[in-house]
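Index from 1, following the sequence. The figures here come from the full heavy-atom set of this structure, side chains too, leaving out hydrogens, waters and symmetry mates. Here the structure is a predicted model, which means the values were calculated and not measured.
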Amino acid sequence: MRPHRPAPSPARRRSPWPEWLHRLPAGGGLWLLLLLPVLLLVLPGRAEPPGPYGGDETQGLRLSARTASVKAWPALQVFEDAQHRLSAVEVLQRLREFQPPDSPDQNLGQRRATVWLHTWLEVEPDAPERWVAHIDYPLLHDVELHLLDREGQLLQRARTGAQVPFSQRPLGLRALATELRLQPGEHYQVLLRVRSDTALILPMRFMQWPAVAAHESREQILQGVMVGLSLFMLAYSLTRWYSLRQPMFLAYGAMILCALAFWLAFFGIGPQYLWGETPSLAMNMSAGSSLPLVAANLLFSLHALEVQRSWPRLARLMQVTVIGVLASLLLFAIGWLSYRGAAVIGSISAVLHILILIPIAVLRWREGDRAALFLALGWLSYIGGLVMITTLLRGVWPANFWTLHGGQLGAAGEMLCWLLVLGLRVEHLREAAERTRREHDLLDALAHTDALTGLANRRGLERALAQGPEASLQDGTLAALYLLDLDGFKQVNDELGHEAGDLVLVTVARRLREVTRQADVLARLGGDEFVVMVRGLKCSPDARKLGLKLLGQFEQPHLLGDGRLHRVGATIGYSLAAGPVRDLAAWLREADAAMYAGKQQGRHTLTCHADLQAAPAGAEAAG
């Protein structure tokens with residue numbers, strides 16, 4: 001009888017699956033098994049090392065009449081010359097060492113070595129003879145093309161690139177291009193020697209001339225639109241700076257100008273139309289313009305966010321950074337800083353200062369500053385474009401329309417957002433100016449207006465008198481100055497109090513307004529003295545007639561707070577002016593003398609100063 005053996009414990013049973021798989025939730029292993037085929041399809045497998053190239057014609061490109069444009073990248077083989085010494089003949093002898101590119105599509109990234117590229121061309125019998133080797137990345141510094149026959153005999157050699165003056169390039173196109181004369185039915189070899197301090201981006205195509213014209217036209221139209229937009233924003237910023245004298249607008253204009261220079265260089269428009277005969281500018285404009293762009297960006301942010309007012313230490317740090325960036329630009333200009341060093345400094349400083357300022361912009365937006373929101377959106381757009389162009393130059397992305405133009409579109413989005421910022425800042429400045437004007441008008445009114453009656457005070461009267469008499473000379477009319485002193489006002493103050501006296505003064509001011517014109521000047525000099533200045537009187541009888549009308553306003557009694565009627569009279573003296581009054585105080589004294597004379601005659605009278613001067617002469621004649 002076979003002894004009984006207990007079944008093995010599950011804990012002792014060895015599982016064929018890894019330990020971490022058992023730790024997944026229920027059903028986790030099943031889901032992983034279902035996803036495993038997908039992962040195997042997505043994840044790249046281990047690639048076998050490529051075999052020797054050896055210049056196999058079957059690995060080349062076919063050119064025919066039916067293909068207006070052929071992409072060169074799938075058939076290109078790459079070889080690096082780290083010592084920069086090999087000639088084309090020596091490189092052809094080492095074709096077996098060429099390898100397919102191990103980088104994203106049409107992008108070799110940044111390489112310090114001289115790069116050789118080789119491909120075969122098979123020209124079909126129906127193909128045209130004229131083709132164009134077209135590289136749509138004008139920043140490549142030195143590109144040398146060798147066209148060879150099947151046996152390796154040199155048929156054509158052409159040199160282009162940013163360091164070649166535009167007039168000496170094979171074709172006067174924006175892109176780096178060379179025309180090839182190819183016989184139908186033949187096989188050719190194309191050998192490229194490329195060297196550049198910038199990234200080795202190679203969007204290369206073999207194109208028929210109609211395709212070249214169409215491609216260049218589309219790019220020229222797009223860049224024309226972008227240049228026009230930039231020039232509009234530049235003109236707007238400069239005109240606003242000229243009218244408002246705000247440094248923020250000048251910094252924005254500097255940003256527009258630097259960004260415009262960068263993209264003109266990047267897409268080859270600058271060398272084609274502006275600085276094509278100056279190779280140093282063509283090679284260095286893209287890196288050189290990025291440094292002042294960062295400095296202008298910092299200055300714009302400093303003023304747009306009003307950093308100096310709220311964060312003075314951060315403002316000083318930004319100013320020091322501006323000085324450091326401009327110093328780097330100077331070192332780059334004199335050759336002490338390399339192209340790549342300038343590009344790295346520009347990229348790092350741009351990203352760092354924006355990452356620091358975005359939280360500040362969000363904080364200002366939460367405090368109610370609408371412009372800060374558009375600043376943050378502009379920075380996000382700029383960072384997106386900057387990351388796109390930086391990673392493209394580092395060889396991370398394939399080179400295509402969107403990756404090549406992503407940085408420009410991001411920068412354009414930033415500038416448009418900041419154009420809204422400028423508009424809001426103009427509105428803010430206008431509101432501040434209007435607020436200041438209202439405050440000034442209020443202070444001016446308080447300084448020249450009697451607070452109780454709303455009439456002009458002595459200062460307001462002096463300002464009005466300074467303009468009044470000269471205005472009367474324009475049409476040959478007279479100006480009259482009436483001085484009114486209330487009769488019985490002290491008794492009201494003493495018996496009924498100052499509140500009743502104030503009510504009398506307000507009532508007198510209202511009654512005087514009712515019988516005068518809008519252009520006439522009414523003032524209270526203090527206490528119970530009022531002044532009325534009238535212009536445009538035709539003759540002295542009109543002045544007396546108006547004076548009697550003013551005096552008639554005191555015939556009616558005043559209803560005061562106790563419900564009783566109280567009569568308050570007035571004595572009026574006035575003086576006429578038919579010419580310029582050089583001494584306004586003297587003119588007022590003449591009216592005061594006439595009023596005092598009326599008081600002596602019994603009060604509640606109207607007296608003209610001219611009558612006082614005529615009285616002694618009349619008395620002498622009578623004697």
Between V194 and D142, is a side chain to side chain contact (heavy atoms under 4.5 Å, CB included) present by the stated rule, with each step listed?
-> CA-CA 6 Å; V194 183; D142 189 13; over 6 Å; no

Stepwise ring pair (Phe, Tyr, Trp, His ring centres under 6.0 Å) check, F249 with H303 | CA-CA 9 Å; F249 297 96; H303 294 284; over 10 Å; no

Taking it one step at a time, do K71 and F206 satisfy side chain to side chain contact (heavy atoms under 4.5 Å, CB included)?
-> CA-CA 7 Å; K71 186 177 179 179; F206 294 97; over 6 Å; no

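Remark: F79 pairs with F98 by the ring-ring contact (aromatic ring centres under 6.0 Å, His included) rule, at least two apart or across chains. With sequence neighbours excluded, the residues that form a ring-ring contact (aromatic ring centres under 6.0 Å, His included) with Y137 are F266. Partners of S301 under the side-chain hydrogen bond (donor to acceptor under 3.5 Å, both in side chains) rule, at least two apart in sequence or in another chain, are N297.
Within the structure, the side-chain hydrogen bond (donor to acceptor under 3.5 Å, both in side chains) test picks out the following pairs touching residues 210-237 (sequence neighbours left out): H134-E216, D136-H215, R174-E216, E219-Q223, E219-H405, Q220-Q272, Q223-Q408. The salt bridge (Lys or Arg N to Asp or Glu O under 4.0 Å) contacts involving residues 375-387 comprise nothing, where partners must be two or more places apart or lie in separate chains. Among residues at least two apart or in separate chains, salt bridge (Lys or Arg N to Asp or Glu O under 4.0 Å) pairs with a member in residues 360-371 are E306-R364, R364-E367, R364-D369, D369-R425, R370-E427.
With E144 as the partner, the side-chain hydrogen bond (donor to acceptor under 3.5 Å, both in side chains) test is satisfied by one option alone out of R157, R195, R159, R193: R157.
The environment of W275 atom CH2 is dense: over 12 non-hydrogen atoms of other residues, nucleotides or ligands sit within 6.0 angstrom. A 6.0 Å sphere centred on CH2 of W397 holds no more than 12 heavy atoms belonging to other residues, nucleotides or ligands. Within a 6.0 Å radius of CH2 in W402, other residues, nucleotides and ligands contribute 12 heavy atoms or fewer.
Remark: Q319 CD to L302 CG distance equals 5.5 Å, nearest 0.5 Å. Note that CE of M233 is 12.5 Å distant from CG of L238, once rounded to the nearest 0.5 Å. Here L257 contributes atom CG and L293 contributes atom CG; the two are 10.5 Å apart, rounded to the nearest 0.5 Å.
Of the possible donor and acceptor atoms, one in the side chain of T391 sits under 3.5 Å from a partner among the backbone N and O of V387.
Ring centroids of F300 and W418 are separated by less than 6.0 Å, placing the two rings close together.
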